[in-house]
Amino acid sequence: SYRRGSLTGLDIVFDCRFLKNPNWVSGLKDLNGTDNEVKDFLHKDKSWPPFRKNLVQMFATIIPAFEREGKSYLSIGFGCTGGQHRSVFVAEQLHEHLLDMKNDVKILHTSLQK
C-alpha cells in the first residue's frame, strides 16, 4: 500500500495503479485481489494482458540471469493505493505463473495481514 509509504527492501517494484481500481466498483471494495470477482474485473482491464505478457517475458530473462550471477533470491514487489486489490491480483498472477515454470516462489501480501 502506497498509503503507508514506498515499498522498501525489494529488488524490483512495480506500480499497479495504472490498472482500473476495484475500490470504486460496487461490491468489490471490501474484497481483495484473491477474490474471483476482483480477478474477473481486473482480467477485463485492457491494460492487463499486455502488462502480464511483458512481466512474463521480463522474468523469463531476469530469473535465469540472476541464477547465473549466483543470486539465491529475487524480491519482487507490487504496489497500489491500498494494497488490497490490484497489487494483490498482479502478485498472485505472477506467483501462479512462476510456480507453473517450476520456480521456488513464496508470496506475502503485507497489506492484507491484520
Side-chain angles (χ1 to χ4, degrees):
S1 169
Y2 286 125
R3 273 190 220 135
R4 297 181 188 159
S6 295
L7 304 176
T8 60
L10 301 167
D11 297 308
I12 301 171
V13 177
F14 294 92
D15 188 337
C16 299
R17 293 177 292 178
F18 67 93
L19 294 169
K20 291 183 180 179
N21 193 345
N23 187 65
W24 306 116
V25 177
S26 178
L28 299 182
K29 181 176 182 157
D30 295 327
L31 301 177
N32 68 58
T34 66
D35 293 306
N36 287 332
E37 297 89 342
V38 173
K39 289 181 194 178
D40 291 343
F41 174 82
L42 290 168
H43 273 291
K44 292 175 187 171
D45 186 322
K46 67 178 183 172
S47 297
W48 170 241
F51 181 63
R52 182 192 186 284
K53 179 182 177 184
N54 288 327
L55 275 178
V56 166
Q57 289 176 336
M58 181 174 32
F59 284 109
T61 301
I62 289 174
I63 290 172
F66 264 71
E67 290 171 342
R68 283 191 303 273
E69 290 298 315
K71 307 297 182 195
S72 59
Y73 66 90
L74 171 63
S75 298
I76 307 163
F78 297 95
C80 63
T81 306
Q84 177 179 331
H85 299 105
R86 296 168 288 180
S87 59
V88 171
F89 166 78
V90 175
E92 288 286 329
Q93 297 297 304
L94 183 61
H95 179 252
E96 185 177 304
H97 173 75
L98 293 175
L99 286 175
D100 288 346
M101 303 282 70
K102 308 298 184 212
N103 289 284
D104 180 16
V105 186
K106 294 170 184 53
I107 190 168
L108 175 65
H109 298 297
T110 57
S111 292
L112 292 184
Q113 297 177 335
K114 303 286 182 201

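Keep in mind that this is a model prediction, so the values were computed, not measured.
A search for salt bridge (Lys or Arg N to Asp or Glu O under 4.0 Å) contacts involving D30 returns nothing, not counting sequence neighbours. Looking at residues two or more places apart in sequence or on another chain, you find a side-chain hydrogen bond (donor to acceptor under 3.5 Å, both in side chains) between N32 and T34. Qualifying side-chain contact (heavy atoms from CB on, under 4.5 Å) partners for K29, counting only residues two or more places apart in sequence or in other chains: N23.
Using a distance-only test at 3.5 Å, with no hydrogens or angles considered, no donor-acceptor pair links the side chain of Q84 to the main chain of L112.
Across S111 and G83, no two heavy atoms sit closer than the pair CB-O, 3.3 Å. Pairing each heavy atom of V38 with each of L31, the nearest pair is CG2-CB, 3.7 Å. Nearest heavy-atom pair, R17 versus C80, reported as atom, atom and distance to 0.1 Å: CG-CA, 3.7 Å. Between F78 and S87 the shortest heavy-atom distance is O-CB, 3.2 Å.
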Contacts under 3.5 angstrom, residues 90-106 side chains, donor-acceptor by atom type, not counting sequence neighbours:
{"residue": "E92", "atom": "OE2", "partner": "H109", "partner atom": "NE2", "Å": "2.6"}
{"residue": "N103", "atom": "ND2", "partner": "L98", "partner atom": "O", "Å": "3.2"}

Result block: side-chain N/O donor-acceptor pairs under 3.5 angstrom for residues 44-63, not counting sequence neighbours:
{"residue": "D45", "atom": "OD1", "partner": "S47", "partner atom": "N", "Å": "2.8"}
{"residue": "D45", "atom": "OD2", "partner": "K20", "partner atom": "N", "Å": "2.6"}
{"residue": "N54", "atom": "ND2", "partner": "P50", "partner atom": "O", "Å": "3.1"}
{"residue": "T61", "atom": "OG1", "partner": "Q57", "partner atom": "O", "Å": "3.4"}

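F89 CZ to D35 CG: the interatomic distance, rounded to the nearest 0.5 Å, is 12.5 Å. For the atom pair CG of L42 and CG of L19, the computed distance is 6.0 Å after rounding to the nearest 0.5 Å.
Sorted by first then second residue, the side-chain hydrogen bond (donor to acceptor under 3.5 Å, both in side chains) pairs that include residues 66-77, not counting sequence neighbours, number zero.
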Item to check | Derivation of the side-chain contact (heavy atoms from CB on, under 4.5 Å) call for F18 and R86 | outcome: CA-CA 9 Å; F18 67 93; R86 296 168 288 180; over 6 Å; no
